[in-house]
Amino acid sequence: MKYYLGIDVGTGSARAGLFDENGALLATAKHDIKMHHPHTGWAEQSTADIWQAVCHAVRQTLTAAALPGDAVTAIGFDATCSLALADSDFQPLALNDSGCDVIVWMDQRAVHEAAACSATGAEPLHYVGGTMSPEMQMPKLLWLKRNRPDLWAKLGYAGDLSDWLTRQATGHNTRSTCTLTCKWGYMPHRTPGWDRAFLAQIGMEDVLERAQLPETAAPVGSAIGTLTTQAAAELGLHPGCIVSAGMIDAHAGAVLSFALVAPSAIPHTLGLVAGTSNCHMALNLQALTVPGVWGPYRGVVLPDYWLNEGGQTASGALLEHLIANYRGADNYQLDIHGNIAQALLADYDSGRDPAPATHILPDFIGNRSPYADPSLRGVISGLTFTDAETTFRHTYWAAATAIAYGTRAIMARMSEHGYQFRHIVLTGGHAKSPLLTALYADATGCDRCDLILPDCDEPVLLGSAMTACAAAHGGDLPRALQQLAPSSRILPANPMRQALHQARYEHFSALYRNYQSRPHTVS
């Protein structure tokens, strides 16, 4: 029996999952990662803390599975698209006294630099929906060069977090096609892949050398090396363990999503990876350009397919924010999400709208898709002088529906530009919520397609384990998907709820039109 380890570094924790050669999950563990917010809109972490969390999670997983480290054939890393910084000796390049050397994916400090990149209209902009996001790496590095020339002078490495992890594990500076294409402006379908004219336009002529960015990238599912002796000892594995090319966490979830449908259905499937934020993955054999939606990116999930990626920067994070800031949430202890979902579903299942007058625009830290406007901010409409518990219940409902309507708006934009969806595969934390799964089935236009839920507790970890399996078999990703794919079930839409959601969605859209017509600035 062969075993594969998926390692996922999320926003708040590192998780590991051990799978057998049939895709069965044997054990999993996680370890928290600290977050620092030195200024409003900034978010930073430490690679030392992240690596320690990874090692703890892997060792705990092996212990729980009662397997020795030398039983693991291959491992696959995925991580948030955070930016890790190091000097020329690959030592952490600290941003401040906290020791943080990672600018987290959600960090918004590079809004003006992203606008400068977008203003060029250069070729890489054609592959990010026309607008570059402050979540991407070139704007963040441009911010570093403009605002911290002391650090820029010392910079010897910059990488997506998953590429940093594979470098830490193997000693090889191999970058993934997934990360470079989706977050750096690299174009794998052309030679050379870097647009040096664009880099010159934004004053980043030296970034390829400074960041040690290579001319080529490793395909998804390919092997980039084996563990170093030191990394193997720290992880509790063995030096011969194969390491696959790293992935962005949502894209690892997408790998699992597209394993659940027949090849002919792939162009008609939306992979919805929903957790702290939401990512909407759609694949096509043709390069489709969708305004306000990232991509098309070639080969970043499956070979030969172009990816279009929509997103909501705050989804689960929005619900957590409401819990943290509304006193009425205390009425739903100890399982707040579960208990509020049960209360709302009691009304919803009886055909009533639990809060017909309350509506939310969910873009508390900007809109990624379909408007690609980082300056948008959240709106709560329809509150009255109700008690604290009722106010929280109504606001939570409005936020949950708004998350589903944001997905609906992204799907509508994609459909206007060539996609015809028949399936939605939902993975991530939202798949465990009976309220959110019901809303994704009923409120996103799923009367025209199936909502598919995988029978898998850890789909992102399994997606990374699939890339590890592929790396152990010569990079054959389709084979790995077929071998490790779990079963799934369909959650049908309730046609009796369509009128309710149509009315709320029209109000949602009208709020956007009204808000976008007003002047607003980033705060």
Side-chain angles (χ1 to χ4, degrees), residues 10-13 15 30 32-37 40-43 45 80 104-108 249 272-279 311-349 353-368 376-407 426-440 443 460 504 508 511 523:
T11 304
S13 66
R15 301 181 306 133
K30 78 169 187 174
D32 290 343
I33 298 169
K34 300 182 185 72
M35 180 83 75
H36 299 267
H37 297 281
T40 301
W42 293 24
Q45 292 177 327
T80 64
V104 180
W105 67 271
M106 66 175 65
D107 188 287
Q108 297 289 303
D249 51 358
L272 175 52
V273 186
T276 301
S277 61
N278 280 11
C279 292
Q312 294 161 277
T313 304
S315 54
L318 172 59
L319 300 178
E320 293 289 349
H321 176 77
L322 296 180
I323 288 174
N325 287 277
Y326 276 69
R327 184 166 56 88
D330 295 340
N331 292 62
Y332 293 94
Q333 301 285 5
L334 296 165
D335 176 12
I336 297 179
H337 290 294
N339 291 333
I340 187 65
Q342 184 177 7
L344 291 169
L345 283 169
D347 279 342
Y348 186 52
D349 288 342
D353 185 334
T358 308
H359 301 270
I360 279 184
L361 295 187
D363 302 312
F364 281 39
I365 52 174
N367 181 276
R368 189 188 303 171
L376 284 178
R377 290 296 178 262
V379 173
I380 304 177
S381 168
L383 296 182
T384 62
F385 282 124
T386 55
D387 61 86
E389 190 273 335
T390 301
T391 297
F392 170 68
R393 186 173 71 251
H394 287 184
T395 307
Y396 191 100
W397 166 257
T401 56
I403 291 167
Y405 300 151
T407 291
L426 176 63
T427 60
H430 294 197
K432 299 176 182 179
S433 165
L435 175 62
L436 293 175
T437 52
L439 290 175
Y440 286 126
V460 173
R504 288 193 67 92
F508 175 84
L511 272 177
S523 59

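What you find for Asn278 and Gly275 is that their closest heavy atoms are OD1-N, 3.6 Å. Taking both residues in full, the closest heavy atoms of Met35 and Ala43 are given as SD-CB, 3.8 Å, listed atom of the first, atom of the second, then distance. When all heavy atoms of Thr391 and Thr384 are compared, the pair lying nearest together is OG1-O, 4.3 Å. Taking every heavy atom of both residues into account, Tyr405 and Ala443 meet most closely at CE2-CB, 3.6 Å. Between Leu344 and Trp397, the shortest heavy-atom distance links the atoms CD2-CB, 3.8 Å. Between Pro354 and Tyr348, the shortest heavy-atom distance links the atoms CG-N, 4.3 Å.
Taking CG of Leu426 as the reference point, atom NZ of Lys432 lies at 11.5 Å (rounded to 0.5 Å). Once rounded to the nearest 0.5 Å, the distance linking CG of Leu361 with CZ of Phe508 reads 6.0 Å. Atom CG of Leu318 sits about 5.0 Å away from atom CG of Leu322, to the nearest 0.5 Å. Atom OH of Tyr396 and atom CD1 of Ile323 lie 5.0 Å apart (nearest 0.5 Å). Annotation: the span from Asp347 atom CG to Asp353 atom CG amounts to 9.0 Å, rounded to 0.5 Å. In this structure, Ile380 CD1 and Leu511 CG are separated by 11.5 Å, a value rounded to the nearest 0.5 Å.
Of the possible donor and acceptor atoms, one in the side chain of Gln108 sits under 3.5 Å from a partner among the backbone N and O of Met106. The main-chain N or O of Ser277 is never found under 3.5 Å from a side-chain atom of Thr313 such that the two would form a donor-acceptor pair. Side chain of Thr401 to backbone of Ala398: a donor-acceptor contact under 3.5 angstrom is found. Side-chain atoms of Asp363 do not come within 3.5 Å of backbone N or O of Ile365 as any donor-acceptor pair. Remark: the backbone N or O of Val104 is not paired with any side-chain donor or acceptor of Gln45 at under 3.5 angstrom.
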Would you please test His430 and Thr437 for side-chain contact (heavy atoms from CB on, under 4.5 Å) and show each step?
CA-CA 7 Å; His430 294 197; Thr437 52; over 6 Å; no

Take Phe392 and Asn331, measure what side-chain contact (heavy atoms from CB on, under 4.5 Å) needs, and give me the verdict at the end.
CA-CA 10 Å; Phe392 170 68; Asn331 292 62; over 6 Å; no

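Counting heavy atoms from C-beta outward, Leu272 and Tyr440 have side chains that approach closer than 4.5 Å. The side-chain heavy atoms of Leu319 and Leu436, taken from C-beta on, include a pair separated by under 4.5 Å.
For the 3.5 Å distance criterion, the side chains of Trp105 and Thr11 qualify, holding a donor opposite an acceptor.
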